Amino acid sequence: MAPDTHPLSLPPDLIRLGARPAGKEAAIREAAQLLIAAGCIDPAYADSMIRRETVANTFLGHGVAIPHGMVDDRDLVRRNGIAILQVPDGVLWNEGQTARLVVAIAAQSDAHIAILRRLTRLMQDEARLNALFSTADPAELVAALSDDSPAAGPASDAGDLAESFEWVVDYPTGLHARPAAAWVETARTAAGRVRIRHGGEAADGKTLVALLQLGLRPGDRVTVSTDGPDALAALNRLRATITGLSAREKADAAAAARKAKAAVQGWTPPAAADGRAMPVVAGLGASPGLAIGPVHVLPKADLTVPDRPVPLLEGGNRLHEALTLTRQQLKALADDTARRLGPAEAGIFTAQAELLNDTDLVTLTCQLMVEGHGPGWSWNEAVERSAATLAANPNPVLAGRASDLRDVGRRVLTRIDPDLRGGSIRDLPDGPCILAADDLSPSDTAALDMGRVIGLATAQGGPTSHTAILARTLGLPAMVAGGAALTGLANGTLAILDGQSGRLYLDPAEGDLTAAHGWIEEQRVKKAQQEERRGLPARTRDGHTVEIGANVNRPDQVPVALSQGAEGVGLMRTEFLFLERGDAPGEDEQYETYRAMLEALDGRPLIVRALDIGGDKQVPHLHLPHEENPFLGVRGARLLLRRPELLEPQLRALYRAAKHAREGALSIMFPMITTLREIEALRAACDRIRAELDAPAVPLGIMVEVPAAAIQADVLARHVDFFSIGTNDLTQYALAVDRQHPELAAEADSLHPSVLRLIRMTVDGAARHGRWVGVCGGIAGDPFGAALLAGLGVRELSMTPRDIPGVKDRLRDSDLAGLRALALRAVDCESSDEVRALDGGAS
Ligand code: PEP
Ligand code: MG
């Protein structure tokens with residue numbers, strides 16, 4: 001594009017108020033005349049604009065039309081500009097479509113996207129838009145449509161803004177999606193613009209895709225700049241976020257390197273007697289392990305998205321709704337993952353959700369819809385174009401985000417057009433196979449039939465892709481980046497897949513197969529030994545046992561938890577049954593889930609927490625009133641007591657399930673308890689429903705996560721069967737630190753002595769009435785935290801499954817007397833740093 005740094009400025013001579021054109025063509029010509037007079041277009045471009053109307057509909061909706069010329073006639077555009085014709089009485093654009101603002105666009109390249117972005121934003125503010133249809137003040141139009149918005153698109157000139165600092169990328173894997181999402185989150189708090197410049201390329205710091213497209217690698221020097229009323233403060237916040245992430249990025253990279261080194265060594269095929277080497281397809285190792293079986297090549301998933309145009313307004317609504325629902329779904333996935341696996345893993349979904357905030361994607365979709373395409377087709381096209389740009393990035397980590405974008409795009413697509421559901425993993429052979437595919441989305445990977453697929457090999461993708469991460473979680477040997485040779489293989493070709501070295505050996509001889517089977521057996525024995533160790537109780541050297549539970553929400557997650565050494569489930573967060581879907585499960589569906597949970601646990605204990613909705617866990621489909629401060633609002637038990645239609649079906653489902661449970665296996669626990677009155681009311685509801693159903697008694701416990709409950713533990717203990725301390729919330733309420741606050745997260749430290757004192761008070765209060773205390777917050781999964789908690793007298797620890805082996809090892813290596821002494825010293829410390837410094841001391 002010719003250098004035109006103000007492509008869409010709007011001088012008053014390009015605005016005509018109160019126009020009364022005789023019809024659509026007259027309106028277009030009148031608007032074109034303004035552009036001609038301002039020297040923006042050649043007069044012939046007006047004809048081009050009229051011609052375009054015969055092949056595409058430029059009516060945007062809500063009374064706005066955006067006539068522009070044919071693509072081939074761009075040479076008739078002399079300089080970028082827009083002209084506005086205000087038609088208060090309206091002009092019929094097409095059947096049923098009346099335009100009141102005719103925004104004629106002259107753009108040499110895709111500068112019209114910027115105006116479209118502003119118009120689509122304006123359309124969300126109907127009152128303001130309606131006012132523009134009849135305003136007598138051109139300044140209002142200028143203000144609404146000029147290029148003064150902080151959310152305007154990526155910077156097309158590479159200059160820096162008012163305040164700036166330079167920074168050299170020191171993240172070992174460059175600026176990948178997870179830290180980039182954190183940058184964007186902070187950038188969005190700025191009132192003005194945020195620009196990230198690398199050499200001659202600059203990106204809008206508020207747009208994730210633009211930021212990723214810079215392809216920043218370690219060692220790249222960037223200039224971060226801001227403007228607007230809070231430029232300096234915003235810059236400082238950005239500096240804190242950007243530099244603050246360095247330590248974590250380095251630690252993550254070091255941990256990944258350690259893990260890779262410690263991972264199982266790859267398999268080496270035996271030397272063949274005749275010196276003939278097996279043919280091999282080489283790629284990158286993505287998930288260790290060996291698989292032997294026939295290859296099944298998945299036909300390239302060429303998703304054909306039919307172009308089904310609908311009225312623009314309906315298309316816009318469908319797009320909006322699909323984006324909202326997908327965001328909610330990803331937020332729930334991120335929340336769940338953060339609680340189960342930790343914030344780093346949850347970042348995958350947060351970053352995926354952030355990809356949806358890319359205004360370019362939405363704008364391009366709108367534009368394609370305006371051109372007359374259906375919403376599904378338009379969305380898919382916009383995603384494909386953006387993904388193709390990402391895939392072309394030389395940085396493999398960033399190129400890997402293309403499949404994340406396509407995956408998240410697919411989620412939205414199937415919400416726009418549910419007919420497109422079904423995925424690509426169908427028609428697999430009956431027996432086990434190594435699945436070879438061009439690429440596989442994370443959603444497809446998660447949905448694989450593990451009974452049939454024993455290994456995974458993709459032509460594209462990278463080892464850091466979400467698909468690879470999922471394959472590792474599933475324990476499925478996988479290689480990526482095998483190239484086109486993979487998809488050219490004949491179905492049924494016998495192969496040995498080594499997911500460690502990233503190799504697929506073809507047509508193995510008898511000796512190769514024997515060696516590979518032997519290696520698999522060796523690994524199986526090693527794994528069984530590890531599992532056996534994990535299966536041992538967490539008994540200290542002097543014979544004190546701490547019960548170990550898993551925080552698990554779904555029956556299908558139970559086997560993994562048990563294989564990690566869980567002795568039961570200490571926290572089932574039932575709100576995720578509501579959060580991960582667009583509606584509320586009814587009583588029967590909940591009953592089925594609780595029964596399936598009990599069955600999967602086969603008599604082991606299960607503590608089900610009643611719905612903890614509110615705070616950070618918002619369920620939009622419940623339409624609860626907006627709260628200024630939801631963490632201090634109607635949350636957890638407070639909500640349950642106000643909404644019997646939520647509480648009662650859940651209790652009924654639980655008591656029905658209790659009839660099938662081993663005696664004492666099922667317990668019910670209530671969240672966010674503050675007062676005795678709440679316990680009494682909830683207990684009364686339980687008693688009534690139990691009597692109605694003639695169900696057995698079930699132990700009733702409460703979460704201790706409000707300091708008031710910890711302080712009054714001696715009073716509350718009389719009325720409950722057990723306590724489980726939610727240290728995540730207890731910490732945020734005790735230290736007055738929002739547990740999700742990006743800047744304060746490090747200060748929300750559950751090892752703060754004041755939190756430890758609250759835990760001690762809870763244990764003491766419970767002991768007076770012979771009640772037991774567990775902990776199910778994050779600190780239970782930290783080996784040092786677990787040691788302290790055991791020393792404080794906590795009897796049960798429930799944590800994310802993968803933390804179990806480390807915690808068990810730590811406790812088995814300790815003496816209770818040492819742990820008690822350690823706890824005594826910790827509560828007397830002056831700060832959490834001092835507490836942490838005790839780690840490594842005698843226990
Ligand atoms: C806690 O607050 O520590 C807890 C376990 O509950 P949640 O994280 O679900 O709020
Ligand atoms: Mg909590």
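Because the structure is a prediction, the values reported are computed rather than measured. Counting starts at 1 for both ligands and their atoms, in listed order.
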**Study point:** Residue of the set Ile725, Thr762, Ile779 for which side-chain contact (heavy atoms from CB on, under 4.5 Å) holds with Leu730
**Key:** Ile725

Practice item. Run through His660, Arg656, Gln650 and flag the one making a side chain to side chain donor-acceptor pair (under 3.5 Å) with Tyr594. Key: Gln650

Exercise for review: Check each atom of ligand 1 against the heavy atoms of Met703 and keep those under 4.0 Å away; list them by number with element.
Suggested key: 4 (C), 5 (C), 6 (O)

Practice item. Could you see which bit of Leu730 sits under 4.0 Å from ligand 1, with heavy atoms only: side chain, backbone, both or neither? Key: neither

Review point. Taking C-beta and beyond as the side chain, do Ile673 and Met703 meet within less than 4.5 Å on heavy atoms?
Key: no

Check your understanding: Within less than 4.0 angstrom of ligand 1, does Arg609 place any heavy atom?
Key -> yes

Check your understanding: Would one find an N or O of Glu705, backbone or side chain, under 3.5 Å from an N or O of ligand 1?
Key -> yes

Practice item. Determine whether the side chains of Thr674 and Arg638 contain a donor N or O and an acceptor N or O closer than 3.5 Å. Key: yes

**Study point:** For Leu571, atoms of ligand 1 separated by under 4.0 Å from a heavy atom
**Key:** 5 (C)

Review point. OH/Tyr733 to CG/Leu758 distance, rounded to the nearest 0.5 angstrom?
Key: 14.0 Å

Review point. Quick one: is the NZ or CZ of Arg771 closer than 6.0 Å to the six-membered ring centre of Phe722, and within 45° of its axis?
Key: no

Review point. Counting each atom of ligand 1 from 1 as listed, which ones have a heavy atom of Arg573 under 4.0 Å away?
Key: 4 (C), 5 (C), 6 (O), 7 (P), 8 (O), 9 (O)

Exercise for review: With Val720 as reference, evaluate Leu676, Leu700, Ile679 under the side-chain contact (heavy atoms from CB on, under 4.5 Å) test and give the passing residue.
Suggested key: Ile679

Point to revise | Under 4.0 Å to a heavy atom of Arg739 - the qualifying atoms of ligand 1, by number | key: 2 (O), 7 (P), 8 (O), 10 (O)

**Study point:** salt_bridge(Arg534, Asp809) N-O dist < 4.0 Å
**Key:** no

**Study point:** Atoms of protein origin (N, O or S) under 2.8 Å from the Mg ion (ligand 2)
**Key:** Glu705 OE1, Asp729 OD2

Exercise for review: Please could you name the atoms of ligand 1 that Cys776 approaches to less than 4.0 Å, counting only its heavy atoms?
Suggested key: 5 (C)

Exercise for review: Could you tell me whether the side chain of His752 reaches within less than 4.5 Å of the side chain of Val755, counting heavy atoms only?
Suggested key: yes

Revision key, fill the gap. With heavy atoms and a 4.0 Å threshold, my read on which part of Arg635 contacts ligand 1 is side chain

Review point. For residues Thr540 and Asp815, is any side-chain donor paired with an opposing acceptor at under 3.5 Å?
Key: no

Exercise for review: From the options Ile613, Val608, Leu654, Asp612, select the one residue that forms a side-chain contact (heavy atoms from CB on, under 4.5 Å) with Thr574.
Suggested key: Val608

Exercise for review: For Lys617, take its heavy atoms, then give the atoms of ligand 1 lying under 4.0 Å from any of them.
Suggested key: 7 (P), 9 (O), 10 (O)

Review point. So which bit of Met799 gets within less than 4.0 Å of ligand 1, heavy atoms only: side chain, backbone, both or neither?
Key: neither

Study note, to complete from the structure: Residues at least two apart in sequence or cross-chain that pass side chain to side chain contact (heavy atoms under 4.5 Å, CB included) with Ala353, listed by chain then number, are Leu330

Point to revise | Residue portion contacting ligand 1 (non-hydrogen atoms closer than 4.0 Å) for Met672 | key: neither

